[in-house]
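Atoms considered below: every heavy atom in the structure, side chains included; atoms not considered: hydrogens, waters and symmetry mates. Numbers restart at 1 for each chain; the letters A, B, ... are given by sequence-line order, proteins then strands.
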Amino acid sequence: MTTPQLTLYNTLTRSKEAFTPLDASNVRMYVCGPTVYDFAHIGNARPVIVFDLLFRLLRHVYGADHVTYARNITDVDDKINARALRDFPDLPLNEAIRRVTEKTEAQFLSDAKALGALDPTIQPRATDNIAEMQALIGSLIQRSHAYSAAGEVLFDVKSMPDYGQLSGRNLEDNLAGARIAVEAHKKNPADFVLWKQSADNEPGWDSPWGRGRPGWHIECSAMSERYLGQTFDIHGGGLDLIFPHHENEIAQSRCAHGTHAMANVWMHNGFLQVEGRKMSKSLGNFVTINDLLETGAMGGRAWIGDVLRLAMLMTHYREPIDFSVRRLEEAEAKLADWQRAARGAEVNDGDAPDASVVAELADDLNFHRASVALDFIAKKANRNEGNAKHCLAATLRFLGFGLDSLLTSDDGWEEPPHIASAISARLEALNNKDFAKADAIRNDLAEQGISLMDYKDEQGQRATRWEMKR
RNA sequence: GGCCACGUGGCGGAGUGGUUACGCAGCGGAUUGCAAAUCCGCGUACUCCGGUUCAAUUCCGGACGUGGCCUCCA
């Protein structure tokens, strides 16, 4: 099989580029993960899903053992401290923080799994990489890219001539905004914190610059270096992270290592709105992933992870999305169509996905065009052409979708035996032309949420299959 | 105020300097005891105003609208 050429949009150059890994035997991708202080909302789900799709594609193209995907867990942050103090005021701070971060991290991992995302190769925690961050800060100071002032260590943006490349901003633009509070101890208003001192009631680690904690940007520089190297292939995250977070990561990593690039390709997913409005707690349209999976927060009912995944991927990853009930319904109907068409196929994990679907994804993750190709395969499967059914099933699995999640029920659900006996009783009634009895059985099952579909099997005999009604 | 995206038929959504995807919903037909599912067929849309061009939804300029960043927010 020929290896498809990947093309990816690079924020750094504002254009689509052919992708060539630094080392095809170890393709390396870093994505900014969650700060674990609260439930992840539906907007947080987008990068999880988008970069999972890219991870799957990279594994397909370069081999599953030749891709390293790191997604961090930020477990040191002032919002976490605030949450810990609020929720566990009676516990020692460190214990309270641990409660908050462990619980939130477990919730995030369970959400990601429900969304069909593979585990990243590595999920490093910030608190396990404090020494690496300190080493990086030390080398920035040594190279005169950072300085101490008022108990903080700050990055000196003026020391980096091409600071601002990713976001297309220059220091003058930032000044023009004039909304950055000019702090007297900074050489330049755009200088940002690498290390800050902690008060006794704040979490802290000993360091050459006193007991303190890292700034927000330094952790990603430290962890990506540790796990992926000083320069790697792809760095991803949400659009909002371009500035300042990713800009500052680049500044830290390149200046600390004296490299020309931190990552070759920078990818950013678009934002989403909910029912046409910006998602916010005050508008009452703030929905978490967990709300969608387990409550009636949208549309008065719960939605399975597969449906959320498709609803998210229906739109190209760089475009804005209006997340709505109608969108969820459409995704659900589409996925049910595919699952019906793939029904009964036996697939194994390694079975190859359809080449045309892969080719569409290879063009900057054009999932929508891939889904058009899937529709085409589904149509062939419904007409029983060739191996279309198997191909469809293998491709759905490759894309991270369940094969019968909408037709039966949640994983682990077992078909009650009475369904099979009711169906055979109905078939017997039908063969006796006792339609009243047959319809009574059908109605009875319908009330239990089971809908029936009659068809002719390969011998031309009447047969019936069932699925869950949603 | 500065910078940056986006604006396609009822809805979703790709793409293209001229032949005008595709899906959902809707309509018609086939099939079915009736349904459901499935199959076949049917829709000439590209915010507005200028400009470039033989030709613009597609390129350029402007307007309007929506959103993002400039505030450790995906």
Side-chain angles (χ1 to χ4, degrees), chain A residues 11 14 31-35 40-51 74 76-79 164 167-170 172-181 189-190 192-193 196 214-219 236-245 247-248 268-273 276-280 311 314-316 318-322 324 326-334 336-337 340-341 343 360 363 366-376 378-379 381-384 407 429-430 433-436 438-439 442-443 446 451-456 462 464-467 469:
Chain A
T11 305
R14 313 266 162 184
V31 174
C32 292
T35 300
H41 62 248
I42 186 62
N44 297 303
R46 196 166 186 190
V48 170
I49 294 167
V50 163
F51 292 105
T74 297
V76 49
D77 182 274
D78 289 352
K79 283 197 292 290
S167 58
R169 290 163 198 276
N170 53 44
E172 289 69 33
D173 286 342
N174 289 335
L175 283 176
R179 294 177 66 180
I180 302 167
F192 55 92
V193 173
K196 56 185 160 192
W216 175 39
H217 313 299
I218 196 71
E219 61 172 284
L239 207 59
D240 62 320
L241 294 179
I242 294 173
F243 189 90
H245 184 53
E247 197 68 80
N248 291 349
H268 295 95
N269 60 270
F271 260 42
L272 58 82
Q273 295 183 268
R277 316 191 69 171
K278 182 177 176 170
M279 181 165 61
S280 77
M314 254 156 55
T315 300
H316 186 88
R318 284 191 278 115
E319 297 294 314
I321 287 184
D322 182 15
S324 63
R326 188 160 185 173
R327 169 182 287 268
L328 287 166
E329 288 168 348
E330 188 174 334
E332 186 173 79
K334 176 53 63 191
D337 286 348
R340 251 178 234 122
R343 197 170 212 193
E360 298 292 10
D363 180 15
N366 196 331
F367 183 89
H368 201 275
R369 290 187 72 96
S371 80
V372 171
L374 268 185
D375 280 338
F376 187 64
K379 191 149 282 196
N382 281 330
R383 290 187 299 223
N384 273 317
L407 305 185
L430 284 179
K433 301 244 188 280
D434 185 352
F435 299 122
D439 288 351
R442 186 168 66 192
N443 291 338
S451 46
L452 300 185
M453 281 154 276
D454 294 334
Y455 67 102
K456 292 246 170 51
R462 193 201 309 260
T464 300
R465 67 166 71 98
W466 64 272
E467 65 185 57
K469 279 200 297 202

Answer with base, sugar-phosphate or nothing: what part of the nucleic acid does [X] contact at a heavy-atom distance below 4.0 Å?
X        : answer
A:Asp454 : base
A:Lys433 : nothing
A:His41  : base
A:Leu241 : sugar-phosphate
A:Ile242 : nothing
A:Ser167 : nothing
A:Arg327 : sugar-phosphate
A:Gln273 : sugar-phosphate
A:Asp322 : nothing
A:Asp439 : base

Nearest heavy-atom pair of A:Leu407 and A:Ala336: which atoms, and what distance?
CD2-O, 4.4 Å
For residues A:Ser451 and A:Glu467, is any side-chain donor paired with an opposing acceptor at under 3.5 Å?
no
Compute whether any side-chain donor of one residue and acceptor of the other, for A:Asp77 and A:Thr35, lie under 3.5 angstrom apart.
no
Between A:Asp78 and A:Lys196 (salt bridge meaning N to carboxylate O under 4.0 Å), is one present in this structure?
yes
Would you indicate, yes or no, if [N] has its OP1 or OP2 atom less than 4.0 angstrom from a side-chain nitrogen or oxygen of [X]?
X        : N      : value
A:Arg340 : B:rU38 : yes
A:Asn384 : B:rU38 : no
A:Thr315 : B:rG13 : yes
A:Lys196 : B:rC72 : no
A:Arg383 : B:rC40 : yes
A:Asn382 : B:rC39 : yes
A:Lys379 : B:rC40 : yes

If you take atom types as modelled and just measure distance, does the side chain of A:Arg442 reach the base of B:rA35 with a donor-acceptor pair under 3.5 Å?
yes
Kindly indicate whether the side chain of A:Glu319 and the base of B:rG13 share any N or O donor-acceptor pair separated by less than 3.5 Å?
no
A:Phe243 CZ to B:rA5 P, straight-line distance once rounded to whole Å
17 Å
Considering only side-chain heavy atoms of [X], which listed nucleotide, [options], is closest?
X        : options                : result
A:Lys334 : B:rG68, B:rC24, B:rA21 : B:rC24
A:Met453 : B:rC4, B:rA37, B:rC69  : B:rA37
A:Asp337 : B:rG12, B:rC24, B:rC70 : B:rC24

Please tell me which of A:Tyr455 and A:Gly33 maps to the more 5' nucleotide of RNA chain B, matching each residue to the nucleotide holding its nearest heavy atom.
A:Tyr455
Between A:Thr35 and A:Arg462, which is nearer to the 5' end of RNA chain B once each is assigned its nearest nucleotide?
A:Arg462
Parallel, tilted or perpendicular, as decided by the 30° and 60° cut-offs, for the rings of A:Phe192 and A:His217:
perpendicular
For A:Tyr455, does the six-membered ring have the charged nitrogen or CZ of A:Arg462 within the cation-pi criterion, i.e. under 6.0 angstrom from the centroid and within 45° of the normal?
no
Centroid distance under 5.5 Å and plane angle under 30°, A:Phe271 vs B:rA74:
yes
Would you list the protein and nucleotides 57-61 of chain B atom pairs, both N or O, that sit under 3.5 Å from each other?
none

Taking the side chain from A:Asp363 and the backbone from A:Asn366, do they hold a donor-acceptor pair closer than 3.5 Å?
no
For A:Phe271, does its backbone N or O pair with a side-chain atom of A:Arg46 as donor and acceptor, under 3.5 Å?
yes
